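I have placed the structure first, in the form of structure tokens, so that the comments after it can refer back to it.
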Amino acid sequence: MCQLLGMNCNTPTDIVFSFEGFRRRGGLTDHHADGFGIGFFEGRGVRLFHDDKPSANSPVADLVKAYQIKSENVIAHIRKATQGQTSLANTHPFMREMWGGYWLFAHNGHLKNFFPKEGGFYRAVGNTDSERAFCYILEQLRRRFSERPDENALFDAVAELTAEIREYGLFNFMMSNGECLFAHASTLLHYIVRKAPFGEAHLIDDDVKVDFAAVTTPNDKVAVIATLPLTANETWLQLAVNELVMFREGDIVRRHAPEHPVYMSAEEGLAIARAAGVSV
């Protein structure tokens with residue numbers, strides 16, 4: 001089962017602390033060794049790093065750490081291949097242009113028999129269900145809106161398309177245009193919003209801690225989203241099954257959740273992934 005990581009902030013922030021814990025989940029001997037990627041929005045541009053090797057000991061991941069890039073929106077992904085071979089073309093996050101801006105997308109799950117008709121604007125380069133889903137979402141959005149719609153209309157359209165696609169299987173995903181970040185849970189997705197008063201955090205996957213009070217200002221607000229919590233001493237919240245949220249400036253500004261929300265344990269999520277044919 002792949003791993004997702006996202007960050008949405010109200011000020012440019014580096015993701016080194018979270019990424020160092022996250023990258024440890026993509027090791028040589030575990031089940032997440034089919035490559036990784038991370039994308040940073042910087043103004044209207046994007047820095048995108050991909051490697052088809054495990055993230056735990058990747059020189060590309062070392063480069064990301066050394067850069068200490070600051071961004072308001074970041075999406076990262078550790079891959080366990082379910083569809084498509086291990087290759088750079090199949091490595092998330094995927095990037096496309098729409099309405100004069102870049103979009104990033106990463107997916108964790110398995111969409112069975114999802115082969116929509118090829119679009120006139122967006123087509124997959126690789127052969128994953130993930131990239132096909134991303135291209136389908138963008139194709140439908142561009143057909144509906146010749147120009148970028150307002151935030152509420154955009155969220156409603158993404159919610160409708162998400163409900164359509166998840167009928168094909170597990171569809172945990174993150175998507176961002178550099179201003180807002182969408183996150184959807186079919187099984188497991190957690191988040192935390194860090195804001196004043198800031199405290200100390202300890203990674204679960206590495207013997208590293210940081211005092212956020214020493215590296216932030218009182219006005220900072222940083223939302224971090226991950227498949228599973230990254231720190232041991234903070235309270236992470238969980239998205240409900242089939243819940244879609246939109247983050248902007250470190251806050252959830254829209255959400256669409258079932259009337260009677262259901263939350264999964266990690267064990268339940270992994271069991272459902274196995275039953276759906278997802279390697280975990």
Side-chain angles (χ1 to χ4, degrees), residues 1-2 4 6 34-35 37 39 46 48 50 75 77 79-149 151-178 180-189 227 239 241-246 254 256 258 272-273 275-279:
M1 190 173 183
C2 304
L4 294 169
D34 295 324
V46 174
L48 192 57
H50 283 155
I75 292 179
H77 180 273
R79 185 170 185 241
K80 172 56 187 172
T82 300
Q83 296 186 33
Q85 71 273 25
T86 300
S87 68
L88 289 176
N90 288 332
T91 303
H92 311 217
F94 302 103
M95 183 173 71
R96 295 291 193 278
E97 178 277 334
M98 182 168 67
W99 303 318
Y102 290 118
W103 289 71
L104 291 178
F105 176 92
H107 166 229
N108 161 17
H110 181 35
L111 302 175
K112 295 183 178 180
N113 301 314
F114 182 73
F115 293 95
K117 182 180 178 181
E118 282 194 341
F121 300 107
Y122 302 100
R123 300 182 183 185
V125 175
N127 54 0
T128 65
D129 53 338
S130 308
E131 191 181 14
R132 289 194 295 272
F134 181 38
C135 289
Y136 181 76
I137 290 172
L138 295 189
E139 183 77 22
Q140 298 308 309
L141 289 175
R142 186 161 174 177
R143 287 179 180 273
R144 295 185 192 194
F145 307 108
S146 59
E147 300 290 338
R148 180 178 169 179
E151 195 171 82
N152 288 323
L154 177 61
F155 181 86
D156 291 341
V158 172
E160 180 182 331
L161 292 167
T162 298
E164 176 186 343
I165 296 171
R166 71 178 177 229
E167 292 298 315
Y168 290 85
L170 300 184
F171 194 42
N172 302 294
F173 77 83
M174 293 185 198
M175 182 172 70
S176 178
N177 63 354
C180 60
L181 187 149
F182 295 90
H184 175 261
S186 280
T187 52
L188 299 171
L189 210 54
T227 300
L239 296 187
V241 173
N242 293 338
E243 181 173 11
L244 175 72
V245 298
M246 180 168 63
R254 285 288 307 273
H256 185 274
I272 288 174
V278 179
S279 302

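Because the structure is predicted, anything quoted here is derived from the model rather than measured. Worth knowing before you read on, the calculation uses all heavy atoms, side chains too, and leaves out hydrogens, waters and symmetry mates.
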Subject >> Shortest non-hydrogen contact between Phe145 and Ala153, atoms and distance >> reply: CZ-O, 4.2 Å

Original post:
What closest approach, in Å, do Leu141 and Ala157 show between heavy atoms, and which atom pair accounts for it?
Top reply: CD2-CB, 3.6 Å

Original post:
Are side-chain heavy atoms of Val158 and Met246 found at a separation under 4.5 Å?
Top reply: no

Subject >> Beyond-backbone contact of Trp103 with Phe134, side-chain heavy atoms, under 4.5 angstrom >> reply: yes

For [X], all residues meeting salt bridge (charged side-chain N to carboxylate O under 4.0 Å, His left out), sequence neighbours excluded:
{"X": "Arg96", "result": "Glu131"}
{"X": "Glu97", "result": "none"}
{"X": "Glu151", "result": "Arg248"}

Original post:
Under the 3.5 angstrom rule, does the side chain of Asn127 hit a backbone N or O of Asn90 as a donor-acceptor pair?
Top reply: no

Subject >> Interatomic spacing from CD1 in Ile137 to CZ in Phe105 - rounded to 0.5 Å >> reply: 5.0 Å

Subject >> Inter-residue atom distance Leu4.CG - Met174.CE, 0.5 Å rounding >> reply: 5.0 Å

**OP:** Report the C-alpha separation of Leu189 and Asn108 in whole Å, then their side-chain angles, then the decisive distance to 0.1 Å, and conclude whether the side chain to side chain contact (heavy atoms under 4.5 Å, CB included) test is met.
**Re:** CA-CA 10 Å; Leu189 210 54; Asn108 161 17; over 6 Å; no

Original post:
Is Tyr168 atom OH crowded by more than 12 heavy atoms from other residues, nucleotides or ligands, each under 6.0 Å away?
Top reply: no

Original post:
What is the ring orientation for Phe171 with Phe173, classed by angle as parallel under 30°, tilted 30 to 60°, or perpendicular over 60°?
Top reply: tilted

